[in-house]
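As structure tokens, the structure follows; a few thoughts come after it.
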2 protein chains.
Amino acid sequence: MVYHEGMTRTVDPSTKQMLSERVHTRLREAILRGEYAPGEALKPQQLAQQHQVSLAVVREALVLLVGEGIAVRLPNRGFAVPDFSDRRWQQIAEARRTIEPVMLRLAIERGDLDWEARVRAAHHRLARTRPYAPEEGEYYTSAWSEAHRLFHRTLLEGCGNPVLLDTFDRLWTAGELARRWSAQRTPDRDGVAEHRRLEEAALARDADTATEVLVQHLTLTVAALTSAPDQVGRRS
Amino acid sequence: MVYHEGMTRTVDPSTKQMLSERVHTRLREAILRGEYAPGEALKPQQLAQQHQVSLAVVREALVLLVGEGIAVRLPNRGFAVPDFSDRRWQQIAEARRTIEPVMLRLAIERGDLDWEARVRAAHHRLARTRPYAPEEGEYYTSAWSEAHRLFHRTLLEGCGNPVLLDTFDRLWTAGELARRWSAQRTPDRDGVAEHRRLEEAALARDADTATEVLVQHLTLTVAALTSAPDQVGRRS
DNA sequence: CTAACACGAATAATCGATTATTTTGCGGAT
DNA sequence: ATCCGCAAAATAATCGATTATTCGTGTTAG
């Protein structure tokens, strides 16, 4: 009796992922990267050909994206990238202003030494990452965006509640998507100082100051982006 | 040339729904109704046969459920109902205690006359619906559960922020799922009085009292269900 | 007797093709 | 010239079947 050598015991870890997961991840990144216009249709056939997979796989990935709020679905009319309005972006920002300060209080109250260390690490990484790539110019670098997200998330991770952190993740993703298409580009604000003050207040367990800085941080961002073009354009 | 009579111009609104949506809804209700054990596998083949649809449809519905947190997926191992632990249930309850009071403050601050009217209507409906069906005994009636959800949601709808309300919906659903399998049954607490006090404080625009009552409402529920059997069993 | 292995059955994931719906383009009537 | 209605094409939704992976079972080497 022949024992075949090509046993499926040892599998290549790189190819060891579901097709739909891979397509989902790639699509997610593409949308978040802004490679699609707001409202643009996501056509299964085109995507299937583009990614060399079947319709079912693409469809699965798209449904997953809908669940995440990164795509929308119109019955019998296919999938599309959501076209978030400025209004939507303000709503997301308000939701963050509503939820994150309370989470931060919990985190400051409960965070342990490991949390403190991770906050310092995340802040260091953020502070040492250049926000803009001079050559690319367009927008934040992906490295900075990720460091930014991780700093805010790490800060809140002290609360120790995965349900709340999941809520944060959702809001952050929605915000990234909406921010990309909002009317204004991000102004040159001193985000660096704000982040440092946030870190210091949190590690000093000064909840009042920390939440105040956080609210201001979130308010300034959205205000500068949408409702106060005067500040940016300096009219008259 | 023959013009076929069965033109698709006039469509029956009842059958005018995507198959996957219908299966998704039915599955969702079945799971929330507790027809599956925690951790039980959701087998596509079985469900496809049961609902008289193809695998792809069931699969789509299941992916959608995963996105909602009502099902989990293990790569190459299929779908299953999540087995929420008591710990998870406490985390969800804490998340609600964290988020909902702030939302309620917003609602009380912003709610208009229409909101007031809807709050009264929702409370009336809740108060006049019998929580338990004597014959069924097992659990809350679905009518009461829905009225309960709608009362809490209507109360928060005054905030006018769909993003926050979406967050509420998620937490509520997760809570319903987790509560069903938590160790304790719901004790005979005077939820009726709590709801009335909540309504009154909200309509009186008394944010402090309202949030206090809400926090207590949420705390008592989870405490009675999980961490304080003493209160229920009255030991010694 | 234990434990690892091979084999077969069950189930998950994927695919290619079919059916149903919407969109598009054309022709005719007002 | 514009609008309405009917095909034809495009695209979405669904299906049945194929391939890949895991799980259960019996067998055999140690």
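Order of the sequence lines fixes the chain letters, A, B, ..., with proteins taken first and strands second; residue numbering starts at 1 for each chain. All values below come from the heavy atoms of this structure, side chains included, with hydrogens, waters and symmetry mates left out. Just so you know, these numbers come straight off a predicted model, no measurement behind them.
- Each of B/K43 and A/L19 lies near DNA chain C, and the nucleotide nearest B/K43 is the one positioned closer to the 5' end.
- Remark: A/S20 is in phosphate contact with C/dT14, judged by side-chain N or O atoms under 4.0 Å from OP1 or OP2.
- B/R59 comes within 4.0 angstrom of a base, heavy atoms only.
- C/dT18 atom P lies 14 Å from atom CD of A/Q45, rounded to whole Å.
- When distances are taken from the side chain of A/F79 to each of D/dT11, D/dA13, C/dT11, the shortest belongs to D/dA13.
- Side-chain contact, B/H24 with B/E68: a donor N or O sits under 3.5 Å from an acceptor N or O.
- Between C/dA13 and B/R73, a contact under 4.0 Å exists linking OP1 or OP2 to a side-chain N or O.
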Inset, instruction - Test A/L177 against A/I31 for side-chain contact (heavy atoms from CB on, under 4.5 Å), laying out the working first. - result: CA-CA 8 Å; A/L177 194 57; A/I31 294 175; 3.7 Å; yes

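- A salt bridge links A/E60 to B/R73: one of the charged nitrogens lies within less than 4.0 Å of a carboxylate oxygen.
- Ion pair B/R26/B/E29 not flagged as a salt bridge, since none of the NZ, NE, NH1 or NH2 atoms sits closer than 4.0 Å to an Asp/Glu carboxylate oxygen.
- Atom CG of A/L55 and atom P of D/dG16 are 17 Å apart (whole Å).
- Regarding A/Q49, its CD atom lies at a distance of 15 Å from the C1' atom of C/dC15, rounded to whole Å.
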